[in-house]
Trainee: 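Sharing a structure below in structure tokens format, with a few things to ask.
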Amino acid sequence: MRTYWNFNKGIKHLDTWESGCWVQVTCPVEDDVKYLVDELGIPDYFVEDISDTDERSRYDYDEGWLMIILRIPHIKNMASRSPYITIPLGILIKDDKIITICHQETKMMLDFINHQQRRAEGFIDATDLVFRLFLSASVWYLKYLKQVNGLIEKAKRNLDRNIDNKDLTSLSRLQDSLTYFATSIRGNETLLSKLKFRLPVDDLDAELIEDVNIEMQQAREMTAIYSNILDSTMDTYANLINNNMNQVMRLLTSLNMIIMLPTLVASLFGMNLINGMEQSRWGFIIAIIISTILTMLGWWYFRKRKWL
């Protein structure tokens with residue numbers, strides 16, 4: 001899907017392409033790819049690189065086109081293996097052509113456009129657009145990190161009541177998401193430091209870059225904090241599970257040993273040997289009494305040792 005935006009003095013929707021407009025391509029189909037390559041002249045391998053979900057944050061320059069790949073946060077189905085992931089957002093610039101390509105419809109881009117429309121100021125140039133996309137990505141990393149922290153706290157409250165595999169699995173999935181965030185944020189920071197010397201930066205852009213650096217640093221630190229908290233939480237509950245398992249095994253072993261005592265008495269008196277009680281009318285009762293006494297002694301001993 002292609003959308004054309006005029007960003008002079010605000011963001012306004014256009015029906016067709018105009019010189020100097022911003023072309024937003026979301027979830028491109030074959031017709032969109034053909035338009036980008038044949039009509040706008042974008043190198044086809046640039047489009048292929050952006051379609052790679054594992055493409056790292058970087059920039060490249062060829063045939064007069066500057067390609068910037070920014071990793072942005074994206075939320076999938078909460079039941080998926082990793083609910084929070086990062087995906088590549090491609091930014092392509094050449095002369096009066098500005099194109100962004102994303103293969104997922106993200107909340108970040110929808111919010112970005114709505115926010116810029118409320119600002120009613122638009123963008124000064126392509127450089128301003130690029131750095132504002134960096135800023136928006138950083139802000140959305142922080143938003144999703146707060147959601148991740150809320151899910152961690154919810155899982156911890158559930159685990160405090162009952163250690164369940166579902167909650168432990170959800171924590172493991174959040175750990176994967178934090179790993180994706182940490183890697184992508186570091187890549188975006190490195191890319192930003194390089195673009196400062198690659199793009200024409202004026203005083204306003206320098207202030208915007210400073211804001212982006214602050215937001216990215218905060219996102220990186222929050223990711224590290226939540227990751228450490230999650231690691232500590234997983235280790236704690238793993239130790240609790242091991243401790244509970246040891247207690248269960250100790251209980252079962254104690255009960256097995258207690259049950260073994262009357263079984264031993266019955267086995268001794270039941271052997272086909274002369275023990276003087278074969279003809280006694282009290283033989284069975286004596287065996288029961290001995291078994292009961294040994295069982296009670298065994299129970300008392302294990303209770304004293306706090307194994308029961």
Side-chain angles (χ1 to χ4, degrees), residues 75-85 143-183 221-308:
I75 182 171
K76 298 197 301 183
N77 189 336
M78 291 303 296
S80 61
R81 175 59 188 168
S82 298
Y84 296 90
I85 60 172
K143 288 183 179 181
Y144 284 145
L145 284 169
K146 291 180 181 179
Q147 294 181 16
V148 169
N149 185 48
L151 293 173
I152 293 174
E153 293 300 321
K154 179 181 178 181
K156 288 169 65 176
R157 286 194 297 269
N158 293 336
L159 288 170
D160 287 340
R161 292 192 296 267
N162 180 33
I163 297 180
D164 185 58
N165 289 339
K166 180 180 179 181
D167 294 310
L168 291 173
T169 302
S170 66
L171 288 178
S172 175
R173 291 173 177 173
L174 292 177
Q175 180 66 69
D176 295 341
S177 297
L178 290 176
T179 301
Y180 290 138
F181 277 18
T183 303
E221 292 175 353
M222 287 180 62
T223 303
I225 291 172
Y226 293 155
S227 183
N228 292 335
I229 291 175
L230 197 51
D231 287 339
S232 176
T233 301
M234 294 293 287
D235 290 341
T236 299
Y237 286 111
N239 292 332
L240 286 175
I241 291 172
N242 290 333
N243 184 58
N244 292 339
M245 183 179 296
N246 291 337
Q247 290 180 353
V248 171
M249 293 302 298
R250 185 170 59 187
L251 175 62
L252 293 177
T253 302
S254 301
L255 292 175
N256 187 51
M257 294 180 66
I258 292 173
I259 294 173
M260 183 187 69
L261 296 174
T263 304
L264 177 62
V265 174
S267 299
L268 291 175
F269 283 102
M271 296 177 68
N272 192 19
L273 297 173
I274 298 174
N275 54 33
M277 297 179 61
E278 294 85 355
Q279 305 301 325
S280 175
R281 59 182 294 184
W282 303 102
F284 178 74
I285 297 176
I286 293 172
I288 293 298
I289 292 173
I290 295 174
S291 298
T292 303
I293 293 174
L294 290 177
T295 301
M296 294 177 64
L297 288 174
W299 181 270
W300 172 80
Y301 175 77
F302 287 115
R303 287 285 294 181
K304 183 179 180 181
R305 296 292 300 272
K306 297 182 179 180
W307 287 12
L308 291 175

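Given the structure is predicted, the values throughout are model-derived calculations rather than measurements.
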Trainee: I'd like to check Leu171 versus Gln175 (side-chain heavy atoms, cut-off strictly below 4.5 Å). Are they in contact?
Mentor: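 When only atoms from C-beta onward are counted, Gln175 and Leu171 do not touch, as no gap falls below 4.5 Å.
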
Trainee: For Val265 versus Ala287, what's the shortest heavy-atom pair and its separation?
Mentor: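 Shortest heavy-atom separation between Val265 and Ala287 comes out as CG1-O, 3.8 Å.
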
Trainee: Taking the side chain as C-beta and beyond, is there a heavy-atom pair between Met257 and Thr253 under 4.5 Å?
Mentor: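 Answer yes - side chains close enough.
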
Trainee: Could you tell me if the side chain of Tyr144 sits less than 4.5 Å from the side chain of Phe181, heavy atoms only?
Mentor: yes

Trainee: What is the distance from atom OG1 of Thr295 to atom CD1 of Ile290, rounded to the nearest 0.5 Å?
Mentor: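 Result: 11.5 Å between the selected atoms.
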
Trainee: Listed by chain and number, what are the side-chain hydrogen bond (donor to acceptor under 3.5 Å, both in side chains) partners of Ser291, not counting sequence neighbours?
Mentor: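 With neighbours one apart ignored, the set is empty.
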
Trainee: Listed by chain and number, what are the side-chain hydrogen bond (donor to acceptor under 3.5 Å, both in side chains) partners of Glu153, not counting sequence neighbours?
Mentor: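 Testing Glu153 for side-chain hydrogen bond (donor to acceptor under 3.5 Å, both in side chains), a comparison that skips the adjacent residues, returns none.
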
Trainee: Can you name the nearest heavy-atom pair linking Leu261 to Gly298, along with the distance?
Mentor: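 Between these two residues, the closest heavy atoms are CD1-CA, 4.1 Å.
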
Trainee: Under the criterion side-chain contact (heavy atoms from CB on, under 4.5 Å), which of Trp300, Phe302, Tyr301 is the partner of Lys304?
Mentor: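 Answer after filtering Trp300, Phe302, Tyr301: Trp300.
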
Trainee: In the structure I gave you, are the side-chain heavy atoms of Leu145 and Leu178 within less than 4.5 Å of one another anywhere?
Mentor: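 Yes; the side chains approach each other to less than 4.5 Å.
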
Trainee: Could you measure the distance from the CD1 atom of Ile293 to the CE atom of Met296? Nearest 0.5 Å is fine.
Mentor: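 Reported value, rounded in 0.5 Å steps: 8.5 Å.
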
Trainee: Mind checking what makes side chain to side chain contact (heavy atoms under 4.5 Å, CB included) contact with Ile285, not counting sequence neighbours?
Mentor: Trp282, Ile289

Trainee: As a quick check of understanding, evaluate side chain to side chain contact (heavy atoms under 4.5 Å, CB included) for Trp299 and Leu255, giving each step before the final call.
Mentor: CA-CA 8 Å; Trp299 181 270; Leu255 292 175; 4.1 Å; yes

Trainee: Who are the side chain to side chain contact (heavy atoms under 4.5 Å, CB included) partners of Ile259, not counting sequence neighbours?
Mentor: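 By the side chain to side chain contact (heavy atoms under 4.5 Å, CB included) rule, Ile259 matches Thr263.
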
Trainee: Partners of Ile225 by side chain to side chain contact (heavy atoms under 4.5 Å, CB included), sequence neighbours excluded?
Mentor: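 Scan of Ile225 (side chain to side chain contact (heavy atoms under 4.5 Å, CB included), adjacent residues dropped) gives Ile229.
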
Trainee: Distance-only, no hydrogens or angles: does the Ser254 side chain make a donor-acceptor pair with backbone N or O of Arg250 under 3.5 Å?
Mentor: yes

Trainee: For Lys143, give me all partners under side chain to side chain contact (heavy atoms under 4.5 Å, CB included), at least two apart in sequence or on another chain.
Mentor: Asp111, Val139, Trp140

